[in-house]
Every structure is written in C-alpha cells, then in structure tokens.
Amino acid sequence: MTEPAAPDQALPETPAAASPADRPATDAAALPVLLLVDGSSYLYRAYHAMPDLRSPDGFPTGAIHGFIAMMKRLREQVIGAGPGGHAACVFDASGPTFRDAWYPEYKAQRAPMPDDLRTQIAPIHEVVRLLGWPVLEVPGIEADDAIGTLARVGAAAGHRVIVSTGDKDLAQLVNERVTLINTMTNETLDIPGVQAKFGVPPERIVDYLSLIGDTVDNVPGVEKVGPKTAVKWLAEHGSLAGVMAAAGSIKGVAGENLRKALDWLPQGQRLVTVVTDCDLAGHVPGWPAIESLALAPVDKPAMLDFLQRYGFGRLKNELAAELGAPAPAAAAGAVAVPVEGTAAPATPPGDAGLARHYETVLTREQLAAWIARLKAAEISALDTETDSLDPMRARIVGISFAVQPGEAAYVPLAHDGPDAPEQLPLDEVLAELRPWLEDAAAAKVGQNIKYDTHVLANHGITVRGWRHDTLLESYVFEAHLAHSLEKLAERHLGRRGLSYEDLCGKGAAQIPFSQVDVVRATTYSGEDSEMTLQVHQQLYPQLAAEPGMKRVYEEIELPVSAILARIERHGVLVDAGVLARQSQQLAQRMMDLEREAYDIAGQPFNMGSPKQIGEILFTKLGLPVKKKTATGAPSTDEEVLQELAADYPLPARILEHRSLAKLKGTYTDKLPQMVNPATGRVHTNYAQAVAVTGRLSSNDPNLQNIPIRTADGRRVREAFIAPPGHVIVSADYSQIELRIMAHMSGDPGLTRAFAEGMDVHRATAAEVFNLAPDAVTSEQRRYAKTINFGLIYGMGAFGLAQSLGIEQKAAKDYIDRYFARFAGVKRYMDDIRASAADKGYVETLFGRRITLLDIRGGNGPRRAGAERQAINAPMQGTAADLIKLAMIAVQRALDEQGKRTVMVMQVHDELVFEVPEDEIDWARSEVPRLMAGVAALSVPLLAEVGVGPNWEQAH
DNA sequence: CTGCTAGCATA
DNA sequence: GTATGCTAGCAGA
C-alpha cells in the first residue's frame, strides 16, 4: 500500500487473508517483531490516567510516570526480557504538516494542550530514549503517517509489525503482518478483529472514516451518517466509490446529505488516509532500511540521573540496586513495617487471643530471614498479588508467605501508588526465592495453585513442591458450596478478612493492586497466605478422614491441576485467516436474510432483539403466540419459530439469521481476538472447582462448546490447527455415560450389549420395539437414542414427549417398555433416589461426593429436580473422574517416554493433542489404550481416535 | 457502566 | 430432563 487507497478499488470477495496453504497462521507468528508505538496517541491517555504526581520541586510527572510503566510493559510483553528486537516510539512534531496545507481547518477545533502536559513532553522523549527506544519525531509528518510508512516497510522487510496505539484510525494499516494493540485496554486488532469491531475489513476503514468523518480532527463526513449507515452502505456498494456512484438511488435524508457531500468526500478521504510512503531519510539512519530501529539496553547511569532529577524515588532505588550500588534509602533506614491484622469479628476455635503479625519486607535482611524460615518450614503457604486476572498476562505486584498461624510476610515488588515506599527489586527478589520456589522437596500450599503457577511462570519460574490446594480440598470436601478464600475462612476459621473490593473498589472505579497502599496490601495479602495455611490445617484432616475423598483429592484433582496448567500454558493454534473468511461469508448471508426479512415485515427491525422480533411477529403480523418467557413476553425461541416456520415465511429467516449471528459473534469474530499476541495461541482457562459433578469447565474462551452439530458451525473447527510438521489427534470415549449406567446398575441386557460391542441405541430399540436389531428402522433408533439420553438426565414422560414431539401417554408407554426390558436400570434409578434421600448425597464410582440439598427439603418441583440430579450426577461425575484419570495416565506416559506430543484440550469425554508427525502411530495406538485402561468396569471402556490437519478432520 | 433476560453453543 | 459459558439487547443507574 504505497498509495492512498484508490477510490475505485473494488471490495475483494474475501479479506486480504491468504489461504492457510500458502500462509499458515504460524508463519506470521514466527517472524521477527517490529513494535511501533504511537507515542502521541498515548500522551493524553497517560496524562489523564495517572494521578497528578509532582516531583519534590512541583514539576508535573504523572504522564512521565505513565510512559515509563507503559514502555517497560510493552517491551516485556511483546519483545520479551532478552536483548534485541526492533521498535520505535513515534511522536508528532510541533508545527504544520502536509495535511494542514491540504485543508487549513484540519484539527482547527482542537483545544490547546494543557501546560502540565506540554512541559512533560521533552522529558518523556528523553526517558523513552533512555529506556532504549529509538524515538522518531519528523517535522511536517504526523506520527500516524510515519507509523504507516514504517509498518509498510517493516512488513515488506519480513517483520511482524505490532502497532501500539490508542487511535482507532490506524485500523486501516492492519493486514496479514500488521496488528494493532491498545496497551491501555489490552485489546488487539488483527484482520478479523477489525472486521468484528468496525463491521468492515481493514482495507475499507478509510472509506468508513470518510463517510462518518472525524470530529476530533475536524474532518467532516456525511451529515447524519454514523457507523451503522456507513457499514450498511459499504456492504451494499462495496466501497466509497461504489457508494458515491449509487448516491442518486439512495433514499431518505441520509441520501440527500450524501449527495451534498459528493464534492467533499474525495478530499475527506485523502485526509483520513494514512500516508505510507513518507520520506524518513535523515530521521531513520540507513533509510529505507529499518535495521537501525533496534531496541538498545536501558542506559542505566543516565536513567538513574533522570529518575533523580524528577524525584522518582522508588524507581531510582530499584535501578540503583540493580546496578549493584546499595540502594541508599533502603540500606539506610527502612525498617519492617509491622502491621496488625484486622480484628476478626468472631474468634475461631483454638485461635483465642492469637495476635496476628504481618510484616512488610522491604530490606534484604528481612527477605533473607524469611527465606530461611520458608526453607525450615514443614509446609508454607504462598500467594501472589498481580496486575491482571488473565493468568497468562498477569505480572507480580507482590508476594506473601506464611509458615505458621498468626504470622505472614508480604514482599511488595511493584507498588507504584502515590505513597509507595522503596521496594526491593523484583528480579532480585525472584532470584533469591527461585531455589526455594523450584525445590520439589519444599512443601507448599496455596489457594488455586494453578493461577500462582502461571503467574510465576510468567516470570520464568517453575514452581515445584505444591503439596496442597485449599480450593481443591474444599471442592472435593463439599463441591456444592462456594470455594473463595473469603468463604473458606468464614466457614472453617470463623474469620473475615479484608476483601479485594475493600482494597481496590469495583467496576470502572477499580484501581490496580499496584496502587494499593503497601500497608493495607500487607494486611490483605498476608491474610491470604495465613488464612490459606490455616484453612488447610483445618480442612485437610477432615477430608483425609474419608478415604474416597482423600483419593479423589490426591490421586485425581491435584495431579490434574498440574496438567491443566501445562495445557493452558501451551495453548492451541487457531488459524485467524480461516475464521476471517468464515466471518465474511456469514456477514454476507446475514445481510441477505435481513433484506428478505425487512421485505416480509414491511419495515427494518433488529433481528438480534427478541423483543423487536416479538413486536413484528405477534403484534404487527399477528402470528399466534405459542408460549411465553419467564417474564411473560411472547417467546421467540427456536422451538416456537420452528413451529411458526411451517405456516409463515419470516420465522425461518429469523432462525437462520440467529444461528449465523451466534456463530459469528461467539466464534468466528471472537476467537481470533483471544489469540495471545506473545504466543500466537489461544489459552483457555479450565475451572477445576466449578461444576458440582466433577467436570471441568472452560472459559476465556470456552473451548468446550465449539460447534459440531451443524455443517456451518462445524467448520469453525477447521480453524483449530497444528503447527507445521504436526497433526491434531482427537480421542473420545464412546458412550461413556451409558457404559457407566450399565456398570452401576448391573443390568444384564445393557451389559451384554456393550460386552458384545453392539450399537447400543440399536440394541435399545430392538428391545423396546421387540424386533431383531437388523429390523430396527432409523427412526426407531433415533427414538431409542433420545430415550437413552433422557435416562442419563433423569427424565420423565413429559420430557421425553417434549423432545420426541409425541403425546405424553405414548412417551410413558416407551418408558414403561424400556424399564420392563431393562429392569436393572429401573432398580438402580429407584435405589439411587432412595439412597440420596437417605444420605443427602450421591457418590461417583471413585468416591466423589455430590450433596443434594433439596433431596429431602420441602416442595415438589425442587425435590423432583434433586432426584434428577441424583440420577445424573453419579454418571456424569464418574465420567469426569475417568477422563481425569485418563489425562493423568496419558500425560505420565508422554513424560516418561519423552514424547513431544502435547495435550491441548479436554472436552468432557474427549482429549485433543498436538502430535508431531513421527509420533502419530504412537498416539493412535497408545492414547485410546491408556484411556480404556484407567478402570476395569463390568463393561469395556472404548476410546475412538481420529487424526487430521485440524480438529474438524480429526473426527 | 452494571446487571438482568433470552437465547444458544457443547457434553 | 443433567452440567456448563458467552453474547446481544435492554433497562435502570
């Protein structure tokens, strides 16, 4: 893109993304990075985001502070800790640019920069240079244009270009090799991201901006035309040129305004187009080569001087310590800040009168003393405080320890609030702690250890010696209750600590933990460690007294936690190009459906709004209301629309539109946005203590509900790929819950069906319809399949009738016949209801306990619900136990045999692996063998395996 | 900006 | 009829 986009450029059929064959997703990820920072776009943000900080002599320093933090973080996150990397930080120069010559009113409305910010600009340039960044400021050329030029040249020179900016206009630069990130919001925009955010691909952004205009820069667009109309017009007419050509036929006020703007639009387009062929000679050494834009090491001596001049005490001392010179203030006077814990409202048993003492560690002597205590302790609790909830991105702000009740230490490491004291340097503290953290013999306990494992791994530390996790202890002990440390402390210690909200607030007003006062942070984090230790001491003996629970905790949940951390960290490759093309196609089909629907309805309406659909369907068109929602509104759910579709044309359009919108909004647009820019992969989080039955759940993103049932949906799985030289291998348990039902009930008919390797649904149909298996029709088999699933869910005649669309009486008849033929199953269901009512809980085969509070309590519907859970939970839960055992067995085999195969996903009854080509045979034979061998039930376990270039084809 | 509802994706 | 998580729309702040 050397020229501003030509107005007559036609909309390509697909985005610029190449096919995966000639450009796999891994390609771009492997290229060296060129990181371009739009310094100007962050000036205001840094200024406003920070409190009004001042140096001792009153010079404003808030924005400087913000820049230092941001540039450090960017370098760490994008380039990594090591040397090397290409980058530049680009600022607007003062004075007029070529745009002012084109259009004198350009940026004319802009308020002058506040003096407090203006005075910080020179120091910001200086400090960015000292941090090792090439700084670019070219008179007559705006930062946007310089960045556009560097991005084009860099991409052509084989770089993966990452542009860090707060300015959305730069979305026009995005292509296969150029990605935008917004450091403030952690948002990344690649091709699908731009499409998702703006509704147009990157190459249409210029047209889009031309139409809507830019009030900030005082560039008018078409009056009354906003994002929605712009997207609609561009979708209909391809490009700005197309829109202009069709201006005569566009109706309404917007059409009139468009015609008025026809003369202006070419100039507007020129103004919003980023110029990518600026001459940077004299500003970039060696131009047009960009090798000179290399990150240099921090100029520490000069930096020290800078920090001294502007009164950045804490940062200065950190740096001084790093340089080996003793940090004067820390060595001279810092003493421990003892903090008494907040008084507990209720004194826990055995805790009477215990004074709590939490220590803030600010000196090397204190740190050394605590490390000695950790090394001597039988078991230590630890907890990290971080700057993010995203485990893969979180950086440590502080770390706390406890080795005995009543005492804790908090080591603040990155507190940067207004009154933050000088703290020990993070790298030095972690280096000191590393031997203990990585010592497998040093026993550790935590609350949700998977999170702390990630956080420390983010700093290059592999924690070993995790012996216990209070989250998992509680989950196994009483899965139906809440497991936050706050709740555990209340339940097991009768104690209430400071809550995170007390410290940081919530919602938009929430402050990062690094801004929390160190004294309060000490109380909070110290409590977290100390309460974790105490909860463990209370809870573990109770848990261990039950052999079944002890086994589930120690032999299933703890090992699985470590495996999940590895799965999450490795991530899975997602081909953003594949998804971008699908998004594009879905958008096209959705627009066609919208057109048809508006035509039928006689007016436009929002097809994504159940409320508006209801108004059109039931009020305007007078279709019959089939059922109501919980709030009394007429329902428009799938079942209703399906029924109405038989008699009317509109519901079918709505149904299809809705399913396409779901696919696009939830998967094809979203997944690419979830790719971690540092790894090029998607890293889900598996929640191990959420589902009461023992299942895992997956979030951010949820990889356990990727579509499979419909052809359109299934294609999303084509985007889940393996790196070059690898394939995807998927292995899933066949009919695992029905096999468990056969085992638990001991029913001879069902057991025989599995023992003989029969098609179980066919076998069920043969019994229920009293036929030979060969004589079963496909519809009869479908009925039997529904019955089998229904049984697993504890269904009654009503539910079966509903899902088969038959009379309740007929459904009852089927169920009666089933139970007559499979009397063992009937007996099992009755027994489990009775046993649940008797004990108040049910158990899985391995002793996992699921408590059912409503099984005896009060009203009918709730008890009926609890009875269904009583039937379902042992089967679903045993299946969860089995696949967890399979994960452990397979991971152990992989480790012991030194395989390079990696487990990348778990989907309840399925394990997915990334397998190097030379290990395909191993995976194909060993994985299903190991999965089938985790337990000896009275029926065989069977795992089926598939291999393919992507997840779809591995099925 | 936050919380709720409706609807829907998976096993 | 079991178990989950996520999105868009929308109402009330």
Side-chain angles (χ1 to χ4, degrees), chain A residues 196 479-480 506-510 605-614 627-641 654-655 657-671 673-674 684-687 689-710 712-714 716-717 732-738 741 786-804 811 815 829 842 850 852 861 864-877 879-880 883 905-910:
Chain A
H480 61 294
K506 59 171 180 170
Q510 192 171 62
F605 63 100
N606 185 345
M607 293 179 82
S609 163
K611 193 178 155 212
Q612 292 184 35
I613 292 172
K627 70 175 174 182
K628 305 236 175 154
T629 68
T631 55
S635 168
T636 70
D637 70 13
E638 186 176 346
E639 191 193 334
V640 168
L641 294 184
I654 298 173
L655 272 175
H657 185 275
R658 193 183 269 168
S659 88
L660 300 185
K662 172 87 177 176
L663 279 181
K664 186 167 180 293
T666 310
Y667 304 104
T668 61
D669 284 350
K670 273 289 144 39
L671 281 171
Q673 294 178 44
M674 302 297 289
T684 186
N685 176 52
Y686 287 103
V690 166
V692 289
T693 53
R695 273 192 180 180
L696 301 177
S697 79
S698 156
N699 59 57
D700 296 308
N702 184 352
L703 297 185
Q704 292 182 322
N705 73 346
I706 304 300
I708 192 167
R709 287 172 199 189
T710 67
D712 283 329
R714 205 182 171 107
V716 172
R717 294 180 174 228
D732 66 301
Y733 278 119
S734 160
Q735 309 292 357
I736 189 163
E737 291 181 359
L738 279 178
M741 188 166 90
T786 306
I787 292 171
N788 279 331
F789 275 106
L791 288 164
I792 294 169
Y793 298 150
M795 149 182 93
F798 178 83
L800 182 63
Q802 184 96 6
S803 70
L804 285 177
I815 293 175
M829 303 257 164
V842 292
I850 298 107
L852 302 166
E867 287 179 356
R868 292 192 293 270
Q869 291 178 329
I871 288 167
N872 174 258
M875 292 187 266
Q876 190 183 117
I883 195 153
M905 285 188 276
Q906 189 256 42
V907 193
H908 306 309
D909 63 0
E910 172 186 12

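These numbers were taken from a predicted model, which means no experiment stands behind them. Residue numbering restarts at 1 for every chain, and letters A, B, ... go by the order of the sequence lines.
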How about Lys628(A): does its NZ atom have over 12 heavy atoms from other parts shown lying under 6.0 Å from it? no
Identify which nucleotide among dA3(C), dA9(B), dA11(B) has an atom closest to any side-chain atom of Ala691(A), counting heavy atoms from C-beta outward. dA3(C)
Under 4.0 angstrom between Arg658(A) side-chain N/O and dC8(B) OP1 or OP2: yes
Looking only at N and O atoms, is any donor in the side chain of Gln876(A) or the base of dT2(C) less than 3.5 Å from an acceptor on the other one? yes
Is the backbone of Pro707(A) close enough, under 3.5 Å, to the side chain of Arg717(A) for a donor and an acceptor to pair up by distance? yes
Side chains of Ser698(A) and Thr684(A): is there a donor and an acceptor less than 3.5 Å apart? yes
Can you find an N or O donor on one side and an acceptor on the other, under 3.5 Å apart, linking the side chain of Thr629(A) with the base of dG7(B)? no
Would you say Leu703(A) and Val907(A) make side-chain contact, with heavy atoms under 4.5 Å? no
Which heavy atom of Met829(A) sits nearest a heavy atom of Ile871(A), and at what distance? SD-CG2, 3.6 Å
Using a cut-off of 4.0 Å on non-hydrogen atoms, how would the nucleic acid contact of Leu800(A) be classed: base, sugar-phosphate, or nothing? base
Starting from P on dA9(B), measure out to CE on Met905(A) and report it in whole angstrom. 19 Å
Check: Arg695(A) side chain, dA11(B) base, donor-acceptor under 3.5 Å: yes
What is the separation between atom CZ on Phe798(A) and atom C1' on dG1(C), rounded to the nearest whole Å? 10 Å
Spacing of Gln869(A) atom CD relative to dT4(C) atom C1', expressed in whole Å: 13 Å
Heavy atoms only, 4.0 Å cut-off, all strands: where does Glu638(A) land among base, sugar-phosphate and nothing? sugar-phosphate
Would you kindly give the CD-to-P distance between Glu639(A) and dC8(B), to the nearest whole Å? 11 Å
For dG1(C) and Arg868(A) - does any side-chain N or O of the residue sit under 4.0 Å from the phosphate oxygens OP1/OP2? no
Tell me what Ala630(A) touches on the nucleic acid: a base, only sugar-phosphate, or nothing, going by heavy atoms under 4.0 Å. sugar-phosphate
Whole Å only: how far is the CD atom of Gln735(A) from the C1' atom of dA11(B)? 12 Å
Counterpart residues, side chain to side chain donor-acceptor pair (under 3.5 Å), relative to Thr666(A) (two or more places apart): none
Would you classify Leu663(A) as touching base, sugar-phosphate or nothing, given that sugar-phosphate means primed atoms plus P, OP1 and OP2, and contacts are heavy atoms under 4.0 Å? nothing
Would you mind reading off the distance between Ile883(A) atom CD1 and dT10(B) atom C1', rounded to a whole angstrom? 14 Å
Could you tell me whether the side chain of Thr636(A) reaches within less than 4.5 Å of the side chain of Ile654(A), counting heavy atoms only? no
Between Leu791(A) and Met795(A), what is the shortest heavy-atom contact and its length? N-CE, 4.3 Å
A correct 5'-to-3' footprint of nucleotides 5-13 of chain C, with B, S and - meaning base, sugar-phosphate only and no protein heavy atom under 4.0 Å, is BBS-SSS--
Taking CG from Leu660(A) and P from dA9(B), how many angstroms apart are they, rounded to a whole number? 10 Å
Nearest-Å distance, OH (Tyr793(A)) to C1' (dG1(C))? 9 Å
